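Read through the structure below, which is laid out as structure tokens, and then see the notes.
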Amino acid sequence: MMTTTNTPRQAIVILGMHRAGTSLCARIFELLGATAAKTLMPAKADNSNGFWESLPIMRFNEGLLRQAIRGWDKPQAIADSWLNASERSADIAKIVELIQAEFADNAFLVLKEPRFARLLPLWLQAFQILNIQPLFIICCRHPQAVTASLQTRETEMSAQQAASLWLAHMLDAERYSRAYPRAVIHYETLLKDWRTVISQAYKQLGWNSFVITATVAKAINAYLDPQQQHHAVDIRAKFKPHLFSQILTETYAIYQQKQLNSNKIALDKLYTEWQQLTASLVVKPKQKRTVILHYHLFKNAGTSLDAAFKANFKGNEWITAEFPPNLIQNRLQVKNWILDNPQAKCFSSHTASLPPPQIPEVKILPVIFVRNPLDRIVSAYTFEKKQHNATTFGSIVAQNTNIAGYIAIRLAILADRQCRNFHLQRLAVMFGEKHGDELTRAQQALATLPFVGIVEEYAVALEKLQLWLRQQGFTDLKMQASAKNVSQDKKMSLEQKMLRLQAELGDKLYAELLVANQADLDLHAIASAKLANFMESS
């Protein structure tokens, strides 16, 4: 299936409802020679064999659905006028960009993303611009099996909402693909006899023969696992009575017969009935998810705090990741990190940038600790001096000089914030430059953030953090204070540490260090007062 300038590329586009075997079909066609997207969504517990869909495309489609009907789980009809409006030209241009980024110039593609079914008119225009011929596979699974699977994952979803979503995807997929080659694949029969099912699909798509090597057949057999078919139902079973039972019965019967083209009038009638019933469907608002986001500042007791969190959150309920320095990319990736891990309750990152992401369906509880800046610098030096196999700038400097040399070298580099108002930089980015200078913005951040802990008052701060998080819904939280990754002598007071540091640096360098960290010292005092007020109000 090679392409030339005048020969259209071909794309297998997998349509269908969530939990209906679309991932399975996409993987089979990828094994059969189609090129999958470059940036695949990672596998998760509810789909351990992988989704085989583009993560950027999924995010873009979800954004479009939010504009149109507020998300993937809302079954309301999308107006044809919205999908075909002239103002969608920017969206179509973005789709073109996504296809080029994810598939380059490959001649034979496989695109799978359940939201395609609802947004297909936009994608069809992009395919036309790119001279791509779409060939549609519509995946069908018994609606009651889909409902059971969805309700396992989405515990607040009603059977009626799930049924309406199934109809939305299946009726939209059929309507929008009428003018193109298409084939229906039933999930249940695919698992039993994939060779026959795929061979029939090939013929329906206009291909003459279905040729497969022994190696590819072995790979498909290894990928197909009937044990993965949870929530199996008898496909002959009658639908449980509810608002959409009759429409489900008739729509599923047409799909079972694979007689879409000869039933267009009946399907249009079913679409109108579904549209009317869905307008009266009351969808229970999804309970807002609450998560903790720990801004793990280097050498600010973050490892100890993470240990306390991990003791409360099991498995992948606590997760960690790091992000690029570019603020725009950083913030977008942090937001997507939270959205892409719905099972997680507590997130921790050294590099996540303030402010906390704004996600309508997620309440984010930011947690950050600050520390006396000079004490933090000593701790950072001590830690980096021990990292004998590390190749970071700080560790190399620390291992080749004493603390005075470490501080002098890092202060000489004006862009290096490790020994120069470290907290100031990390807090000030919460607000844009129009809000004032760094200190003004950092002070505003401290005033805005709901909880700021103090390392020197760690045990007390942890107690107050526990109280606050319990008030926010984490009622069983038990935060135990334990020292992890401690680099200094805990028996010394802060005053004693500073006297020792002054003696090691000498008066001149020590005075220079104080000036370089005056803003951080001011912020530490503000944070200490905030914690004290929090204690009093509690």
Side-chain angles (χ1 to χ4, degrees), residues 288-298 300-302 305 309 323 325-339 345-373 376 417 421-458 460-474 477 479 517-538:
K288 197 166 188 176
R289 176 181 167 214
T290 302
V291 302
I292 299 164
L293 177 52
H294 173 206
Y295 290 89
H296 182 165
L297 302 188
F298 180 50
N300 275 17
L305 184 57
F309 280 134
F323 303 96
N326 179 279
L327 288 180
I328 295 175
Q329 294 179 13
N330 186 299
R331 289 162 179 161
L332 178 60
Q333 290 185 25
V334 171
K335 179 179 179 179
N336 289 332
W337 179 43
I338 294 171
L339 287 171
K345 299 177 181 178
C346 185
F347 298 78
S348 178
S349 175
H350 293 85
T351 51
S353 174
L354 289 166
Q358 296 295 312
I359 306 175
E361 63 271 34
V362 184
K363 180 180 182 181
I364 298 175
L365 307 177
V367 174
I368 193 167
F369 272 64
V370 299
R371 184 175 186 175
N372 176 282
R376 194 200 69 84
R417 301 299 289 265
N421 285 331
F422 169 83
H423 298 95
L424 177 69
Q425 181 189 40
R426 294 299 300 270
L427 290 166
V429 295
M430 185 162 174
F431 296 97
E433 293 182 0
K434 66 180 181 180
H435 291 270
D437 60 18
E438 267 196 323
L439 182 56
T440 300
R441 289 182 280 131
Q443 291 171 339
Q444 190 174 350
L446 286 179
T448 304
L449 289 165
F451 181 88
V452 180
I454 298 296
V455 173
E456 292 78 14
E457 298 287 343
Y458 182 70
V460 175
L462 202 64
E463 178 185 341
K464 298 306 172 183
L465 175 61
Q466 174 181 281
L467 173 62
W468 176 61
L469 292 176
R470 284 182 176 180
Q471 292 170 344
Q472 302 304 314
F474 293 95
L477 200 70
M479 302 293 284
N517 287 277
Q518 187 56 57
D520 263 18
L521 289 166
D522 293 343
L523 294 172
H524 184 265
I526 294 170
S528 298
K530 177 167 183 165
L531 181 64
N533 291 334
F534 185 90
M535 292 163 55
E536 291 175 5
S537 63
S538 302

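In this text the structure is predicted, and so the values were computed from the model without any measurement.
- Rounded to the nearest 0.5 Å, atoms CG (Leu469) and CD1 (Ile292) are 4.5 Å apart.
- Of the N and O atoms on the side chains of Gln425 and Asn421, not one donor lies less than 3.5 Å from an acceptor on the other residue.
- Formation of a donor-acceptor pair under 3.5 Å by the Asn517 side chain with backbone atoms of Pro373 is not found in this model.
- Across Ala461 and Gly453, no two heavy atoms sit closer than the pair CB-CA, 4.2 Å.
- Using a 4.5 Å cut-off on side-chain heavy atoms (C-beta onward), Val334 and Ser349 make no contact.
- Here Leu462 contributes atom CG and Leu467 contributes atom CG; the two are 12.0 Å apart, rounded to the nearest 0.5 Å.
- Side-chain contact, His423 with Asp520: a donor N or O sits under 3.5 Å from an acceptor N or O.
- Side-chain contact between Gln466 and Phe474 is absent, with no heavy-atom pair separated by less than 4.5 Å.
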Steps toward side-chain contact (heavy atoms from CB on, under 4.5 Å) verdict (Val291, Leu365) = CA-CA 6 Å; Val291 302; Leu365 307 177; over 6 Å; no
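- In this structure, Arg331 contributes its side chain and Leu354 its backbone to a donor-acceptor pair below 3.5 Å.
- Atom OG1 of Thr290 and atom NZ of Lys345 lie 11.0 Å apart (nearest 0.5 Å).
- Below 30°, between 30° and 60°, or above 60°: for Phe451 and Trp468 the angle between ring planes is below 30°, a parallel geometry.
- In this structure, Ile338 and Arg289 have side chains that are in contact, with non-hydrogen atoms separated by less than 4.5 Å.
- A search for side-chain contact (heavy atoms from CB on, under 4.5 Å) contacts involving Thr440 returns Asp437, not counting sequence neighbours.
- Ion pairing of Lys464 with Glu457 is absent here, as no side-chain N (NZ or NE/NH1/NH2) approaches a carboxylate O to less than 4.0 Å.
- With rounding to the nearest 0.5 angstrom, the CG atom of Leu427 is 5.0 Å from the CG atom of Leu446.
- The side-chain hydrogen bond (donor to acceptor under 3.5 Å, both in side chains) with His524 is formed by just one residue from the set Glu456, Arg376, Arg371; it is Glu456.
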What do the steps show when you test Asp522 against Leu424 for side-chain contact (heavy atoms from CB on, under 4.5 Å), and what is the final call?
-> CA-CA 10 Å; Asp522 293 343; Leu424 177 69; over 6 Å; no
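- Of the possible polar contacts, none joining the Glu438 side chain to the Ala428 backbone as a donor-acceptor pair under 3.5 Å is found.
- Put simply, the side chain of Pro356 reaches to within 4.5 Å of the side chain of Met430, judged on heavy atoms.
- A donor-acceptor contact shorter than 3.5 Å is absent between the side chain of Lys530 and the backbone of Val452.
- Judged by distance alone, with hydrogens and angles left aside, the side-chain atoms of Arg441 form a donor-acceptor pair with the main-chain N or O of Phe431 at under 3.5 Å.
- Side-chain contact between Leu305 and Tyr458 is present, with at least one heavy-atom pair separated by less than 4.5 Å.
- Pro357 places none of its side-chain heavy atoms less than 4.5 Å from the side chain of Leu339.
- In terms of the side-chain contact (heavy atoms from CB on, under 4.5 Å) criterion, residue partners of Asn326 (sequence neighbours excluded) are, by chain and number, Ile328, Gln329.
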side-chain contact (heavy atoms from CB on, under 4.5 Å) evaluation trace for Leu523 with Gln443 | CA-CA 7 Å; Leu523 294 172; Gln443 291 171 339; 3.9 Å; yes
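- Applying the salt bridge (Lys or Arg N to Asp or Glu O under 4.0 Å) rule to pairs touching residues 346-363 yields Arg66-Glu361, sequence neighbours excluded.
- Taken to the nearest 0.5 Å, the CZ atom of Arg426 stands 7.0 Å off from the OG atom of Ser353.
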For side-chain contact (heavy atoms from CB on, under 4.5 Å), just list the numbers for Asn300 and Tyr295, CA-CA rounded to whole Å, side-chain angles, deciding distance to a tenth of an Å, and then say yes or no.
-> CA-CA 10 Å; Asn300 275 17; Tyr295 290 89; over 6 Å; no
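- For the atom pair CZ (Phe422) and CZ (Phe298), the distance works out to 8.0 Å, reported to the nearest 0.5 Å.
- The shortest heavy-atom contact between Leu449 and Pro366 is CD2-CG, 4.0 Å.
- The shortest side-chain heavy-atom distance between Val370 and Val455 does not fall under the 4.5 Å cut-off.
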